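What you are looking at is a predicted structure, and each value in this text was computed from that prediction instead of being measured.
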Amino acid sequence: MTRRRRLALVVVYAHFLALAADGLWSYFTPDDMMNLYGYWSKPLSRLLLDGLPLFSSGYRPAGALFYVPVFHVFGFDPLPFRVVCFLLLALNLYLNFAFVHRLTGSSAAAIVSALLFSYHAHFADLYYSSGAVYDLLAFVFFYSCLLLYVGIRQTERVPTAWQHACLCVLFWLALNSKEISAMLPVVLLAYECCYKNAVRAMRKSCLRWAVGPGRCILTFGLLGGAHMLPRLLGGGSMASNPAYRPELSLGAYLENLRHYLGLLLYCHEGMTGFAAASIVIAMPLLALLLKNGNLVFSWLLFVIVSLPVMFIAARGAFVLYLPYLGMTMYAGVVFAAAARPVFETLRRRTAVALGTLGAAALVLYNVHDGGKPQATGWVRPEQAKVREVADRVSGRYKTLGKGVRVLLINSPFPDDDYGPLFILRLYYLDRSLQVKWLKQKGSLSPEALAQYDHVFEFPEARAR
């Protein structure tokens, strides 16, 4: 790597840390407690089986690679979890740079893409909640797999048996991290069409293409089906959950597109469905006008990978963490193409380039920083709920007897939320601990209260 690229990456990482570093000190969120308890409460044999390609319907088994070792070593301490998440964020930022540079051969496009990717206020879950580790892990495995595949295909070879096996392992880990990774075989097909004339090859001989360049795509398709079918059709399938039940209609797509592009462009209230559709349609038209295959592929990358979340209930913008690379790559390629004629006329290119990058980082810092208050408003209230339960109980008892009964009155959690149970069992490392919570002390008789070993009452007067 040249000195110019190293200095540019220093600016990019400084921009990332200047905006996101406060997330290192975040506390646990309710999602952390649910996820961690889900893995901790299972035997190791069950966790291993969930991760194998045996049509298991276990919930995102790769998450156990994060939660179980960190909790085993550090216990109920949020800082080590946050440190690992930030290491993953830093790795993903480099993967963004490496992937865009590999595809385009342009340092300018790769640096601009990395700068845009390094931080976004509406990706707050990634910076403040370890519960979003699934997206971080999926990105690592998804783009490591794609980077390896592209590196092989750029040499005009097809993956050897050993390389094929490595690619399959990476893809399976991505699938076990988050379901959106199932779009990877479609992305590989898009790559083959944009860069390797796959359509022409298939017209000549479909069979020859299938056993050659298409072999990896077909294998990935089978792996993706083996992973997703139990989750879509099983007894506890994702489709049975209203939050994941798809609505396959153009209206649903345009509404979610409006929602997500509005967040990504910091104009959520002003973004209309027509404006969102116009942006997505204009991107390939510009690519075709410029006859730029990199722009076509980056547009396809965004559209394809974002499809799984475009037909389900809208949620935070962080769910577009994987497809967002397509948008930043698109912007980087456009900038590199526009800036090349200007920079070629300059003598001190390095100084000017770094100065331009620094100025862009400052502008983006102000834009992102202005969006932080709205995007992170949920963070403190959610973390406060976990901290309040853990601190109130642990402040009085460092240890509890095995299987004791605990009653929480007016806890900060809703009545149907199992958060208090997860928190106390994890804090005291006791799966037999019994926890009940209710809103009013008077709803239980003195005899009923006497059945509990410990009763904790939380103050009522506070905003929740």
For [X], enumerate each residue passing the salt bridge (Lys or Arg N to Asp or Glu O under 4.0 Å) test, keeping only those at least two apart in sequence or located in another chain.
X: D135; value: K178
X: R258; value: E255
X: K372; value: D22

### Query
Which residue pairs pass the side chain to side chain donor-acceptor pair (under 3.5 Å) test when at least one of the two sits in residues 357-370, sequence neighbours left out?
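Checked against side chain to side chain donor-acceptor pair (under 3.5 Å) - neighbours excluded - the pairs reaching residues 357-370 are Y266-H368.
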### Message
Show every side chain to side chain donor-acceptor pair (under 3.5 Å) that has at least one partner inside residues 70-86, sequence neighbours left out.
### Response
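Matches after skipping sequence neighbours: R82-S130.
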### Task
Sequence neighbours left out, what passes side chain to side chain contact (heavy atoms under 4.5 Å, CB included) with K402? Give chain and number order.
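By the side chain to side chain contact (heavy atoms under 4.5 Å, CB included) rule, K402 matches D430, S432.
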### Evaluation steps, side chain to side chain contact (heavy atoms under 4.5 Å, CB included), between F97 and V12
CA-CA 10 Å; F97 168 83; V12 170; over 6 Å; no
### Positive for ring pair (Phe, Tyr, Trp, His ring centres under 6.0 Å) with F117, one of F16, F139, Y330, F123
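Of the listed residues F16, F139, Y330, F123, the ring pair (Phe, Tyr, Trp, His ring centres under 6.0 Å) partner of F117 is F139.
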### Query
Applying the ring pair (Phe, Tyr, Trp, His ring centres under 6.0 Å) test to F81, which of F86, F28, F76 qualifies?
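It is F28; the other options fail the test.
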For [X], which residues count as a side chain to side chain donor-acceptor pair (under 3.5 Å) partner, sequence neighbours excluded?
X: Y39; answer: Y134
X: Y321; answer: N92
X: Y397; answer: H454
X: S45; answer: none

### Message
Among residues at least two apart in sequence or on other chains, which ones pass ring pair (Phe, Tyr, Trp, His ring centres under 6.0 Å) with Y37?
### Response
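Ring pair (Phe, Tyr, Trp, His ring centres under 6.0 Å) check on Y37 returns W40, F422.
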### ring pair (Phe, Tyr, Trp, His ring centres under 6.0 Å) partners for F297, two or more places apart
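F297 satisfies ring pair (Phe, Tyr, Trp, His ring centres under 6.0 Å) with Y195 only.
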#### Entry: Test item: H259 side-chain N/O and R315 main-chain N/O as donor-acceptor pair under 3.5 Å
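A pair under 3.5 Å: yes.
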